[in-house]
Amino acid sequence: MFPFIQKMLSFQRSFSVSPSLQLPSPMETHLWFVVPDEFKSVSLLNQYMELLSPCEKENVLSMRGEQLQKQALLARTLVRTTIARYQINNRVVDPRSLKFKRNVHGKPELEWESDGGQCPSPLHFNISHTSSLIACGVTVNSSIGIDIEEKQRKIKNNILAFARRYFSLHEVEHLSAISDSEVQRQEFVKLWTLKEAYVKALGRGFSAAPFKTFTICIKNGFRRGFDHADVLESGAPEVVVESSDRPERLTNNWQFGLFELVSSHYAAVCMEKDKTSDAGMSVPIRLNVRKTIPFVEDECISGTDAVVPIAGLIEQF
Amino acid sequence: MAASTNSLISMQSRSGMAASRICSLKPVSLSNQGRSFLSFGFRSMPARSLRVSCAAKPETVEKVCEIVKKQLALAEGTPVNGESKFSALGADSLDTVEIVMGLEEAFGISVEEESAQSIATVQDAADLIEKLVEKKD
């Protein structure tokens, strides 16, 4: 067990965020998030600005309007301060010192040097924003993708027309079968977040895994027949992804979690299954969720009614 | 002959930023060892595309702006033009896909995922639309 930072009010003047945390263990995802409306202090926002690289600052200032600038600033601040919390190799990390690069497909990654020269960082992260909540998920030695959407998000296009254009056949069938338009809209948003999280976890860009070429299915928990190796406990809806254009593509090495966050958002997490566990066996994603105001306050909300699992094997801690 | 450090066409690409500007053709006089000659310089061209910005008709750009404004529910009077970056206007991935779908319906075209991924600005969208419409006819 590593120490939580419980509700703690301490204004950090220095730029190191302490106490340092142990890195997530395999199959653990740490999810940190900010709520932009909670940030009103201009001096605090200016402090955050100081953490950014020149390129990030320029990008923030290129956003149209104060609200968008604030969101962009908070997104970079969240990424930098979150990663800086984790001591890597017993070094205290200054959020300003972190360097980022994009992998060959454009996915942002942490660039870091170990003693032996550059090698891939064990720490993986992925970020998602909405205007009302910005989240950053962190894992160790596992690719991660997250997506957050407002539960109330309205789709401008007709949902089924959109699904027919972008989703897979099975997914269209699933959505078409829902008669209540509000339930259909909610299922659409949940499906979108899961698909986004998967593509972001793959890290190869939207065009490498076009949404039409894979199906995500939320299966209600039921006891499987003897022809299947794994048996589900009843009541735990399982999230499964299948690739329709490349059936040989490995898809059972990805695991999903879908949950409601602070009653207002759907959140999807997709991460690689721990390579040391038996192939096909599903081990729960251990999920820790914390709301933060960097340098001011952190609050652990796992296990409260602010985090409500919807699908996938999730164990909160 | 121009000295090796002076080149007729200078392209500046800013690393890390996909800043695309409308290129302006301005006569620039370059002086080289006391001799001056007129040359045209391309200002701040994104390295990935060497094309003149007047590729797409203004009506196309205008229509794209309308669709973007509607999708993003932008406040009255928010300036949107060819240079506008979708992300800078607050579009997330779902917005972008919805916008592309709106453009497909408005222009009767079909946009491949690869092409959709490369759309960063209104101008990019307008240029792609005209290319696809042309192919159709």
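Within every chain, numbering begins at 1; the chains are lettered A, B, ... in the order of the sequence lines, protein sequences first and strands thereafter.
Cation-pi geometry between A/Lys212 and A/Phe167 is not met at under 6.0 angstrom from the ring centre and within 45 degrees of the axis. Relative to the ring axis of A/Phe39, A/Lys70 does not place its NZ or CZ within 45° and under 6.0 Å from the centre. For the pair A/Arg153 and A/Tyr266, the cation does not sit on the ring face, since its NZ or CZ is not both under 6.0 Å from the ring centre and inside 45° of the axis.
Ranking B/Pro79, B/Ser110, B/Gly102, B/Ser115 against chain A, the residue ahead of the rest is B/Pro79, based on heavy-atom pairs under 4.5 Å.
Using a 4.5 Å cut-off between heavy atoms, A/Lys154 touches chain B through its backbone atoms (N, CA, C, O) alone. Using a 4.5 Å cut-off between heavy atoms, A/Ala72 makes no contact with chain B at all. Heavy atoms closer than 4.5 Å to chain B are found in the side chain of A/Glu149, but not in its backbone.
A salt bridge links A/Glu187 with A/Lys190: the distance from a Lys NZ or Arg NE/NH1/NH2 to an Asp or Glu carboxylate oxygen falls below 4.0 Å. Using a 4.0 Å cut-off between a side-chain N of Lys or Arg and a carboxylate O of Asp or Glu, B/Glu66 and B/Lys63 do not qualify as a salt bridge.
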A/Trp192/A/Phe211 under ring pair (Phe, Tyr, Trp, His ring centres under 6.0 Å): CA gap, chis, key distance, verdict
CA-CA 9 Å; A/Trp192 173 273; A/Phe211 273 21; 5.0 Å; yes
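The shortest heavy-atom contact between A/Thr77 and A/Tyr48 is OG1-CB, 3.3 Å.
Of all residues in residues 87-94 of chain B, those placing a non-hydrogen atom less than 4.5 angstrom from a non-hydrogen atom of chain A are B/Ser87, B/Ala88, B/Leu89, B/Gly90, B/Asp92, B/Ser93, B/Leu94.
A/His265 and A/Ser132 are linked by a side-chain donor-acceptor pair at a separation below 3.5 angstrom, with hydrogens and angles left out of the test.
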